[in-house]
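Worksheet: one structure, shown below.
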Amino acid sequence: MVVTDRVLMGPGPCNPYPEATAGLTRPMLGHLDPEFLALLDETCENLRTVWGTANALTLPVSGTGSAGMEAAFVNTVGPGDVVVVGVNGLFGERMCDVAGRCGAEVVRVDTPWGQPLDPEAVLSALVLADCVTSLGGIPVAIDDWDVDLAYSGTQKCLGVSPGLAPFTLGPRAWERRIPTPQSWYLDLGMIGAYTSGTARKYHHTAPIAMITSLHAALGALLDEGLQGSWDRHAECGAALQDGLEKLGFELWAAAGHRLPQLTTVLVPDGVDDAAVRRALLTRYGIEIGGGVGPWAGKVWRIGCMGHTARLRNVTLLLAALSETLSR
Ligand SMILES: *Cc1c(COP(=O)(O)O)cnc(C)c1O
């Protein structure tokens, strides 16, 4: 079977950094090998830098961003607890689902998809932030912002394959955690006993190659500098949004609340959503994302994250769109 190279401009995965891809091919180490544990320690330490936190419990959860979401809820929410969720998109809906399965009384603060939430309306005791699409691409400051727990994913602005959920949990959340969460696999107390401390104990076999890959990508990210990465994502996002508007497209998210790393545009009237995405993929090797839920077929989601966030990719996509739509 043919394996093709693509420019990945959907809502994730992005193209991994070359360092991250090289990391996947390093010789395998055992998950308790001192060399691997040292690499894991450095990965957790670099994650603290990227998150902007001193939280001891900062680690890569095995699984994608949604595993991070689930870990956050099962470790802090029990039957009858009140959980306030701001819902202005797909992942707010998913949070309500996960919290409901933990037996929580879910209070939704709904805002139309694409509109910003009012932070005052969602204030609660512990603050959980979904940073799957933000970490590495725009500023995130867990300690300065007083966020109690947060999770991310590797395949978005961190520029790694999907498979890990960087996670951080602060002292207030630790105090209020569920001592024996329903989920054995995502029990952060037990996972933490493997990822840090002196008596490193087997919990589950760590995904060695993914952690080695994340370690390499974090090295590349910190060499570039967090500010450098944020600036690069900002520059690409601005060029993309500007270019799309010049081509006559209408941006979907409220002005002033747009992300540089993920741009949603309305599919123009009379344009066949699927046909355009197919043409981009087969003629130019570019993947972009379609809409989901109520917005299926009505919008495109164009990511510019991680290693994909390069001006050359923006230029390529704008030219390919303009050729495909004869604009
Ligand atoms: C992608 C994403 C998720 C889901 O992560 P998976 O890696 O697909 O499990 C959750 N929240 C946000 C904001 C995301 O962008």
Side-chain angles (χ1 to χ4, degrees), residues 8-16 20 47 50-51 59-74 83 85-102 106 108-117 119 122 127-140 142 145 147 149-168 183 185-186 207 210-211 213-214 217 233 237 252-254 257-264 287-293 295-296 299-309:
L8 293 170
M9 301 191 80
C14 66
N15 293 100
L47 280 177
V50 175
W51 279 117
L59 51 89
V61 166
S62 307
T64 64
S66 303
M69 184 187 290
E70 188 126 15
F73 283 102
V74 297
V83 173
V85 185
V87 183
N88 67 341
L90 179 69
F91 297 111
E93 297 285 352
R94 187 173 298 179
M95 277 191 184
C96 293
D97 187 352
V98 174
R101 286 165 192 247
C102 296
V106 179
R108 299 170 58 110
V109 178
D110 279 283
T111 302
W113 287 25
Q115 296 299 314
L117 286 157
V122 276
V127 175
L128 161 67
D130 177 325
C131 299
V132 177
T133 294
S134 43
L135 194 66
I138 54 174
V140 171
I142 295 300
W145 297 348
V147 172
L149 61 169
Y151 54 87
S152 186
T154 40
Q155 78 274 24
K156 304 205 182 169
C157 295
L158 291 173
V160 185
S161 305
L164 293 175
F167 194 97
T168 189
S183 168
Y185 197 77
L186 297 175
M210 276 305 300
I211 291 172
S213 180
L214 172 63
H233 283 83
W252 177 79
H257 299 277
R258 291 173 184 150
L259 293 173
Q261 70 273 40
L262 185 58
T263 297
T264 306
E287 176 184 277
I288 65 168
V292 289
W295 291 93
V299 297
W300 289 319
R301 292 178 300 152
I302 306 172
C304 224
M305 307 189 259
H307 186 48
T308 305

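Numbering starts at 1 and runs along the sequence shown. In listed order, ligands and their atoms are each counted from 1.
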Q261 (side chain) donor-acceptor with I138 (main chain) under 3.5 angstrom: no

Which class fits the ring pair F167 and Y151: parallel under 30°, tilted 30 to 60°, perpendicular over 60°? parallel

Just how far is it from atom CH2 of W252 to atom CZ of R301, taken to the nearest 0.5 Å? 9.5 Å

Write out the protein residues near ligand 1, meaning a non-hydrogen atom under 4.0 Å from one of its atoms, in order of chain and number. T64, G65, S66, F91, R94, D130, V132, T133, Q155, K156

Nearest-0.5 Å distance, CG of residue L8 to NE2 of residue H307: 10.5 Å

Short side-chain to backbone donor-acceptor contact, N88 and P116, under 3.5 Å: no

What's the shortest heavy-atom distance between P60 and L214, and which atoms? CB-CD2, 4.1 Å

